[in-house]
Amino acid sequence: MTSKRLEGRIALVTGASRGIGRSIALGFAREGAHVIALARTQGALEQLDDEIKAAGGTATLVPADLKDFDGLDNLGASIYERWGKLDIFVGNAGVLGDLTPLPHLEPKVWDELMAVNVTANYRLIRSLDMLLRASDAGRVILVSSGAGERFRAFWGGYAITKAALNAMAKTYADEVASTSMRVNLVNPGATRTKMRAIAVPGEDPDTLPHPDELVEMFIELASPACQKNGEIVTFKRKS
Ligand code: NAP
């Protein structure tokens, strides 16, 4: 029998209700992690919980809005009280905003992009840092995008948040480099999710990788053995 690679690890995954985050949460639970699954849609989290239990895993559901920044402070306090540490933080949740020329981007759309894609991850880093340092091998994985490195017309709002996220993760990685922690970014590439279907309507989703195909890469980055730090790891489909 092969041993599970994340046995006993405590892992927070944001955006666990669907898409890439849901696959990560299920994949981590299958590898023995206790998954703290955060998203707003409670029914979808409950379905995930059923699947995790059916696979022999365990989860704690956190139905929450990432824009509730005080709630993110409280989440850190709750994790501290229950486990005293956190082994893995996957900042996956994200919003696309509107694809439109920058001057046309509505301030409320800009504010949500910044709040969910950038500020929430900063607030979680702030809230979870002590817990990740208390782990023997704290692992942070922030989900970015190629849009954060290649700047194209109409993608500005989203791209600016992902460029900021890249700067945040690389800075944090440098700060923890001499500890047992590791901080990396993932560029999933085009993946078969609701966000992608909205971003590129008319594309045949069957031509894109299913989020389950990305899970192996996340498990490697979450494992105590991972020594990468401050890197942007891009998903490459196995041919
Ligand atoms: P998705 O299917 O739209 O899922 C987004 C997830 O984020 C959902 O679970 C959603 O849950 C959660 N979320 C959004 N706003 C939230 C909020 N205010 N509070 C809490 N949770 C919130 O997107 P995806 O394609 O899986 O994307 C996951 C990550 O990959 C994102 O960071 C995205 O930018 C990145 N990415 C995706 C692609 C792609 O092709 N799919 C490519 C490059 C990068 P609720 O709605 O239940 O709250």
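Residue indices begin at 1 and follow the sequence shown. Everything numeric here is computed off the predicted structure, so don't read it as measured data.
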Please determine whether a side-chain nitrogen of the Lys or Arg among E31 and R5 lies less than 4.0 Å from a carboxylate oxygen of the Asp or Glu.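 Salt bridge present between E31 and R5.
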
| Side-chain (N184) to main-chain (E231) donor-acceptor, under 3.5 angstrom | yes

| query | Does the S127 side chain pair with the main chain of L72, one donor and one acceptor, at a distance under 3.5 Å? | reply |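 Here the side-chain-to-backbone pair exists.
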
Residues pairing under side-chain hydrogen bond (donor to acceptor under 3.5 Å, both in side chains) where one sits in residues 37-50, two or more places apart or in two chains, turn out to be Q42-E46, D49-K53

Could you work out, with side chain to side chain donor-acceptor pair (under 3.5 Å) as the rule, every residue matching [X], not counting sequence neighbours?
X    : value
D65  : K67
T60  : H34, R82
T161 : N117
N74  : none

Item checked: Side-chain heavy atoms of T193 within contact of P211, under 4.5 Å ->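 Sidechains of P211 and T193: in contact.
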
In this structure, CD1 of I79 is separated from CD1 of I36 (nearest 0.5 Å) by 4.0 Å

So OG of S145 and CG of L185: to nearest 0.5 Å the spacing works out to 11.0 Å

Take R123 and D70 through the side-chain contact (heavy atoms from CB on, under 4.5 Å) test and state the conclusion after the steps. CA-CA 9 Å; R123 292 296 297 251; D70 292 341; 4.0 Å; yes

Are [X] and [Y] joined in one hydrophobic group, where the rule is that I, L, V, M, F, W and Y side chains link up if heavy atoms are under 4.5 Å apart?
X    : Y    : value
M168 : L128 : yes
F28  : L124 : no
W83  : I125 : yes
I24  : L45  : no
L75  : L61  : no

For residues 142-171, the salt bridge (Lys or Arg N to Asp or Glu O under 4.0 Å) pairs (sequence neighbours left out) are none

Applied to residues 194-209, the salt bridge (Lys or Arg N to Asp or Glu O under 4.0 Å) test, sequence neighbours excluded, yields R196-E203

Exercise: do D212 and S23 side chains pair donor with acceptor under 3.5 Å:
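Indeed, the side chains of D212 and S23 share at least one donor-acceptor pair under 3.5 Å.
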
Grab the two heavy atoms, one from [X] and one from [Y], that are nearest each other, plus how far apart they are.
X    : Y    : result
P209 : A190 : CD-O, 3.3 Å
I52  : A29  : CG2-CB, 3.6 Å
P188 : F235 : O-CB, 3.4 Å
N187 : I232 : CB-CG2, 4.1 Å
V183 : N229 : N-OD1, 2.8 Å

Verdict with supporting geometry, Y122 and V118, side-chain contact (heavy atoms from CB on, under 4.5 Å) = CA-CA 6 Å; Y122 148 67; V118 183; 5.7 Å; no

List the atom pairs, donor and acceptor, that lie under 3.5 Å between side-chain atoms in residues 132-144 and the rest of the protein, sequence neighbours left out.
from : atom 1 : to   : atom 2 : distance (Å)
R133 : NE     : D129 : OD1    : 3.0
R133 : NE     : D129 : OD2    : 2.9
S135 : OG     : D87  : OD1    : 2.6
S135 : OG     : A137 : N      : 3.0
S135 : OG     : G138 : N      : 3.4
D136 : OD1    : R9   : NH1    : 3.1
D136 : OD1    : R9   : NH2    : 3.0
R139 : NE     : S223 : O      : 3.0
R139 : NH1    : S180 : O      : 2.9
R139 : NH2    : P224 : O      : 2.7
R139 : NH2    : C226 : O      : 3.2
S144 : OG     : N166 : OD1    : 2.6

side-chain contact (heavy atoms from CB on, under 4.5 Å) for L208 and T191? Distances and angles first, verdict last. CA-CA 6 Å; L208 302 175; T191 308; 6.0 Å; no

### Task
Mind running side-chain contact (heavy atoms from CB on, under 4.5 Å) on K228 and V233 for me, showing each step along the way?
CA-CA 9 Å; K228 287 186 167 61; V233 180; 3.8 Å; yes

Supply the members, apart from F154, of the Ile/Leu/Val/Met/Phe/Trp/Tyr cluster built from side-chain contacts under 4.5 Å; use none for a lone residue.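 Traced through the cluster, F154 reaches no other member.
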
Answer yes or no: are there more than 12 heavy-atom neighbours, outside Y80 itself, under 6.0 Å from its atom OH?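 Check fails, neighbour count at 12 or below.
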
inquiry  = My understanding is that only residues two or more places apart in sequence, or in another chain, count here; which of them pass salt bridge (Lys or Arg N to Asp or Glu O under 4.0 Å) with E51?
reply    =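 By the salt bridge (Lys or Arg N to Asp or Glu O under 4.0 Å) rule, E51 matches R22.
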
Contacts of E175 meeting salt bridge (Lys or Arg N to Asp or Glu O under 4.0 Å) (sequence neighbours excluded), chain-then-number -> none

Can I get a per-line list of side-chain donor-acceptor pairs under 3.5 Å for residues 88-111, giving both atom names and the distance, sequence neighbours left out?
from : atom 1 : to  : atom 2 : distance (Å)
N92  : ND2    : T14 : O      : 3.0
N92  : ND2    : G15 : O      : 3.3

